[in-house]
Amino acid sequence: MVTLRYFASIREALGKQSESADVPTPATVAALLDALRAKGGAYAEALSTTRRWRVAVNQDMVGLDAAIGPGDEVAIFPPVTGG
Amino acid sequence: MVTLRYFASIREALGKQSESADVPTPATVAALLDALRAKGGAYAEALSTTRRWRVAVNQDMVGLDAAIGPGDEVAIFPPVTGG
Amino acid sequence: MATIRVQTNDFDLSAEHTQIRARHRDVGAIASFVGVVRDVNDGDGVSSMTLEHYPGMTEAALQKIVVEASSRWQVIDATVIHRVGTLLPTEQIVLVVVASRHRADAFAACEFIMDYLKTDAPFWKKETTPHGARWVEARASDDIATQRWENK
Amino acid sequence: MATIRVQTNDFDLSAEHTQIRARHRDVGAIASFVGVVRDVNDGDGVSSMTLEHYPGMTEAALQKIVVEASSRWQVIDATVIHRVGTLLPTEQIVLVVVASRHRADAFAACEFIMDYLKTDAPFWKKETTPHGARWVEARASDDIATQRWENK
């Protein structure tokens, strides 16, 4: 089980700010995203590879090949626009 | 006649902040400085060519070859140290 | 030494300066940056802006940027404050203050922190325009601003 | 648009910012610099500092520097305040505020104004140390800071 958190336009598109997901761990960020896209609908659309998004594992920005372990907090969000 | 103004360490060395000088004009800054140095004493010392000073004519920083006309305000001071 | 705050309240630049000056007698230079809500963006009028962040990660990301700046330049103290929630044009969004012995270090570290805040700190802006609300798109110019520090 | 003041009184950075933000709705970035009296200089303790200027020429020189900065970068508003008289360690000496649409212009113009203020504006500092009072010597590093803008 991992905790998924969504922010900004991705939170709005999915209609939720967090959820638990039963991903077989250890896995990679890429595998997790594939599993989410496979749910179709808003997931397939919001996480499409043609869009720009970022992933953080346990609040550290990571790449697609980063590992995910049990209990991890995985956040998915668009490129940041603060300041 | 020109008005001479002195600032900072040069004002202190000469013991005055301004004076009138009867310089034959038109002249150059270099000629004025030579005339002042010729007075000897504190003038020769404070305006020595081995020291660093700056000259402004009518409140504009100028070089040694700048012209001086009747009624001009000529200021002599050390390199600035504000900020 | 650094102060990092994410808050809905406004901030007072002079108060932050005064605290820094009271804490150190060797500070000679304080460079600051304040980001302000503009009434226009990408050609459309903006009537308000709402900022969202990722509590915990945002503060950690800002701290990391300040630590990196402090390793590159002489930094005596630094303060970063970023507001969240809804803001109106002319309101203050973000504050970065860097105190150093000399001005070149203060300026460079302050600009470095702002540049990385723009690309690395999880904040997102949604603005309200006459066409409705829209999420602000990340700018390529911000990535370029960050990249120039990589080559130094 | 620019505000130039030479004064003995202290200044309030927030008040200057607030005035600039109230005057313009297109300002997105405000970069500021505050110079502060340090309690040490060239290895000696400094108990106070006295600043002298050339009334008239000083204000004109500052104005000229701001005009030059405004011709190089997008500047919406700028404020330069320099104090004269006797100041103690941790007191504010000088303030430069530059407001622009975007941050790169605000930072560059603010640093440019400070660099030229150091070499072109007629102010002189005398500091009191345990060895007595002494006039501060101009620094070669300040001339170098100015010269780097000549090549841009």
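So you know, we letter chains A, B, ... as the sequences are listed, proteins then strands, and number each from 1. Just the heavy atoms: all of them, side chains too, but no hydrogens, waters or symmetry mates, feed the values below.
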*Asks:* Could you report the tightest heavy-atom contact between C:Ala138 and A:Val80, atom names first, then the distance?
*Replies:*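 Closest approach of C:Ala138 to A:Val80: CB-O, 3.9 Å.
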*Asks:* Is it the backbone or the side chain of A:Ala56 that comes under 4.5 Å from a heavy atom of chain C, or both, or neither?
*Replies:*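 The side chain, not the backbone.
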*Asks:* Name the region of C:Ala60, side chain, backbone, both or neither, that has any atom closer than 4.5 Å to a heavy atom of chain A.
*Replies:*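 Answer is neither: C:Ala60 stays 4.5 Å or more from chain A.
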*Asks:* What is the distance from atom CE of C:Met57 to atom CZ of A:Phe77, rounded to the nearest 0.5 Å?
*Replies:*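 If we round to the nearest 0.5 Å, C:Met57:CE and A:Phe77:CZ are 4.0 Å apart.
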*Asks:* Report which part of C:Asp115 has an atom under 4.5 Å of a heavy atom belonging to chain A: side chain, backbone, both, or neither.
*Replies:*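 Neither; nothing under 4.5 Å.
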*Asks:* Looking at C:Lys126 and A:Ser9, would you say the former's side chain and the latter's main chain have a donor-acceptor pair under 3.5 Å?
*Replies:*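 Looks like no, no N/O pair under 3.5 Å.
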*Asks:* For chain A, find which of C:Lys118, C:Lys64, C:Glu137 contributes the most heavy-atom pairs closer than 4.5 angstrom.
*Replies:*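 Answer, by heavy-atom pair count under 4.5 Å with chain A: C:Lys118.
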*Asks:* Taking atom NZ of A:Lys39 as the centre, does the number of heavy atoms from other residues, nucleotides or ligands within less than 6.0 Å exceed 12?
*Replies:*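 Correct, the count exceeds 12.
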*Asks:* Any idea which of A:Arg54, A:Glu12, A:Gln59 has the most non-hydrogen atom pairs under 4.5 angstrom with chain C?
*Replies:*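 Heavy-atom pairs under 4.5 Å are most numerous for A:Gln59.
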*Asks:* Please work out whether the ring planes of A:Phe7 and C:Trp124 are parallel, tilted or perpendicular, with thresholds of 30° and 60°.
*Replies:*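 The arrangement is parallel - the two ring planes meet at less than 30°.
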*Asks:* So does A:Glu19 have more than 12 non-hydrogen atoms from other groups sitting under 6.0 Å from CD?
*Replies:*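 Count over threshold, so yes.
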*Asks:* So which heavy atom on A:Thr81 is nearest to which on C:Lys125, and how close?
*Replies:*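 Smallest heavy-atom distance, with atoms named: OG1-N, 2.9 Å.
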*Asks:* If you count the non-hydrogen atoms of other residues, nucleotides and ligands that lie under 6.0 Å from CD in A:Gln17, is the total more than 12?
*Replies:*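 No.
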*Asks:* Between C:Val136, C:Leu117, C:Thr50, which has the largest tally of heavy atom pairs under 4.5 Å with chain A?
*Replies:*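 With the most close heavy-atom pairs to chain A, the winner is C:Val136.
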*Asks:* Might you point out which heavy atoms bring A:Ala75 and C:Tyr54 nearest each other, and give the distance in Å?
*Replies:*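 Residues A:Ala75 and C:Tyr54, closest heavy atoms: CB-CE1, 3.3 Å.
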